[in-house]
Amino acid sequence: MNALAEIRSRFLPVLESHSDSATELLGMIRPAGDPKFGDYQANVAMPLGKKVGKSPRDLAAEIMDAISLEGLCSNTEVAGPGFINLTLDNAWLKNQLLASLADDRLGVEQVTNPKTYIVDFSSPNVAKPMHVGHIRSTVIGDAIAKILGFVGHKVITDNHVGDWGTQFGMIIYGYKNFLDPAAYESEPVGELSRLYRKVRQLIDYHGALANIDGVRTEIDTLGGQLEQLKAQQAATEEKSAVKKIKKEISATQKRLKAKQETLESFEKKITAVETGELATEANAHPEIGTAVLLETAALHKGDAQNLALWNEFLPACREDMQKIYRRLGVSFDHELGESFYNDQLQAVVDDFEAKGFARTSDGALCVFMNDYDTPMIIRKKDGAFLYSTTDLATIKYRDDEFDADACLYVVDHRQHEHFEKLFDAARLWGYTETEYKHVAFGTVMGDDGKPFKTRDGDTVGLGGLLDDAESKALKIAIDQNPDLSEERQKEIASVIGIGGLKYVDLSQNRASDYEFSYEKMLALKGNTATYLQFSYARIQGIIRKTGADPTAIRKNPVPFEFATDIERELAVKLIRFSEALDDVLVEYKPNMLCAYLFELTQIFFRFLEQCSVKDAQSESLKQSRLQFCDLMSRTIQTGLGLLGIEVVEQM
RNA sequence: GCCUCCAUAGCUCAACUGGAUAGAGCACCGCUCUUCUAAAGCGGAUGUUGCAGGUUCGAGUCCUGCUGGAGGUACCA
């Protein structure tokens, strides 16, 4: 049973007698901010007192007279301006612990009104090298899906793979012009990836070459403007005018800086090609940019050769992706990529046109919506469809097939506006029953404070990062467990290494951008998965050493004992597992569960320091502590499991 | 220009959506292993929550303005 929910349900009738918005007030009953105030606190009296014109303290007293917390709270007090502090009854707590001990679900009740959720996550582009930025959607989406499922919802996961985009035009062009047949024979994906990078580089080169003079001119112009503005500033005396000029100066400086950065990156791209081996090839393929677009267009129109190549490339690319997913332990119910929707796009566009939701503007078919300056384009003027079109088709397909109550898109926050438009368009189209939600997450930044990009050579790809995480964990695993077999050591290293990597993404508020740090990704100390996993392994050690049988512990429990304060503290935290899951689902924030597990583990390690199991003063206390250990190990295992992180018996 | 998000300890981040004295980890300095795994525990300090106002019993959180950063902004995804 969820203690918070139980307290709230006891408050509800009393609050209803004082206010019409009792349900809202329930949100003001929450875990106590400080243990000295008890376990929970109700902050309802302050706003309510104001509303009904009573002193909050009097009202709090009145509420407490009317309420029945019999058997649930042993102590209540009104404090400060009108806080109601609540302390759980120890007998009630012990009963809850016993109930959780006997329950596979650790006392977490299933929701009474299960819904169907589609969780759309990961969605990488195949055939493009994956980097560390791609891991975020995958682990966050996976965790949200698992948690939704655990609390009793029906969950359908779908990986909306990018398997139909321009990158295939590039690879096809590369295949036709630069293929190394031997390399392709022995390592097809590696060769395709090389072709992708090469074509990308040549396109960037020609793009830079074509635009660099323009950028130089712009820089000159901006520089001139800046001089003028500065002269103006010096000649102006009136305050508001000076302020205005200052603002323009700073805006101009900003633009100038941006242009200079562009210039630098152009220069880099040009030198990289001209001083390298690519120079002659660059000259031989001056029209590579348009050529690639033509290859892509041909593919989309069903050109036999390109389609055959695409069919040849795709399985290998997908298999390469699956290797990463297998290592991450992530799987999907569906992997309906963009190509899957290809033959449905025309119908979507026709429908929008027929119903008058879209009209042609500047040659493109556009959906105009009130809240936006720019329309959502669903067909380009060259007749090609876009991401938006595919997304609309996906909405329709999912509605036909799955009839979900909600659809969550776990995607980078840079696509915020795209999704706002998409959801509006979907509602316009008639999909008003489903709740669409963009579960956005922050960008992974490089150490320069700019979005993380794979730079050639000096950054590890995703696979390499996983290797490093495992090999670093392996060193410590060998050091710590010299007697274990090599196989076991490797298994431990994999669980610890991968778990640590995932935990970095999960433990942060998903909304924040975060700075990629190699050290942080591979850290095994502090607030990391390793810390949590270690508590589990410790418990397994205790169970081994004491010769206890976990099944027997659960089947024949003794009453829990609180011989020390820390045991009660641990008890309170353990029964809050269910609250932590609720907290995650309010805003789909897995870091709420990480924070819970971390705090729980901190308490647990203090418990271990203070409370010997083996040398407990009495047999009954020893049993009680074994029961704590069992509950703890299952809470960690389940909690980490919901985050997609495994545990090991020994480490 | 317009729109969205962000600014918290030296660093990386939390803060249960308006609650009581803003918390962790990292890094740094000590201490604790013949006693269930030291991948642990204990102790040590650091803050005008970017700036200026406002709203109220109460603001890191809400509103206004400013400064600084990131992203988006008609045919990329």
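Protein chains get the first letters and strands the later ones, always in sequence-line order, with residue 1 at the start of each.
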Sugar-phosphate only, base, or nothing, as touched by Ala384(A) at under 4.0 Å among non-hydrogen atoms:
nothing
Looking only at the side chains, is there a donor atom on one of Tyr503(A) and Asn527(A) sitting less than 3.5 Å from an acceptor on the other?
yes
Tell me which residues in residues 607-617 of chain A put a heavy atom below 4.0 Å from RNA chain B, sorted by number, or none.
Leu608(A), Glu609(A), Cys611(A), Ser612(A), Val613(A), Lys614(A)
Tyr40(A) six-ring centre to Arg576(A) NZ/CZ under 6.0 Å and within 45° of normal
yes
Counting the atoms with a prime plus P, OP1 and OP2 as sugar-phosphate, which does Cys366(A) contact under 4.0 Å by heavy atoms, base, sugar-phosphate, or nothing?
base
Students often mix this up, so state it plainly: with edges at 30° and 60°, are the rings of His418(A) and Tyr387(A) parallel, tilted or perpendicular?
parallel
OP1 or OP2 of rU37(B) sitting under 4.0 Å from any side-chain N/O of Lys545(A)?
yes
Is any side-chain nitrogen or oxygen of Lys472(A) closer than 4.0 Å to OP1 or OP2 of rA39(B)?
no
Answer with yes or no whether the side chains of Asp424(A) and Tyr372(A) bring together a donor and an acceptor at under 3.5 Å.
yes
Looking at Gln627(A), I want to see if its CD is surrounded by more than 12 non-hydrogen atoms of other residues, nucleotides or ligands under 6.0 Å.
yes
So does Thr374(A) get a side-chain nitrogen or oxygen closer than 4.0 Å to the phosphate oxygens (OP1/OP2) of rC3(B)?
no
Quick check against the 3.5 Å criterion: does Arg510(A) have a side-chain atom that pairs as donor or acceptor with the backbone of Tyr588(A)?
yes
Pairing string, 5' to 3', for RNA chain B - Watson-Crick or wobble contacts under 3.5 Å, brackets [ ] where pairs cross, | to another strand:
(((((((..((((.....[...)))).(((((.......))))).....(((((..]....))))))))))))....
OP1 or OP2 of rA15(B) under 4.0 Å from side-chain N/O of Asn591(A):
yes
Look at the aromatic rings of Phe352(A) and Phe357(A) and report parallel, tilted or perpendicular, splitting at 30° and 60°.
perpendicular
Would you kindly give the CG-to-P distance between Asp483(A) and rU37(B), to the nearest whole Å?
14 Å
Distance test, side-chain N/O of Arg538(A) to OP1/OP2 of rA38(B), below 4.0 Å:
yes
When you check the gap from the basic side-chain N to the acidic O, do Glu470(A) and Lys490(A) get nearer than 4.0 Å?
no
Sequence-aligned protein contact record of nucleotides 18-28 of chain B, with B where the base is within under 4.0 Å of a protein heavy atom and S where only the sugar-phosphate is
-BBB--SSS--
Assigned chi class of rU32(B) under the 90° convention is anti
Ignoring backbone atoms, test whether Tyr531(A) places a side-chain nitrogen or oxygen under 4.0 Å from the OP1 or OP2 oxygen of rA38(B).
no
With heavy atoms under 4.0 Å as the rule, sort Gln508(A) into base, sugar-phosphate or nothing.
sugar-phosphate
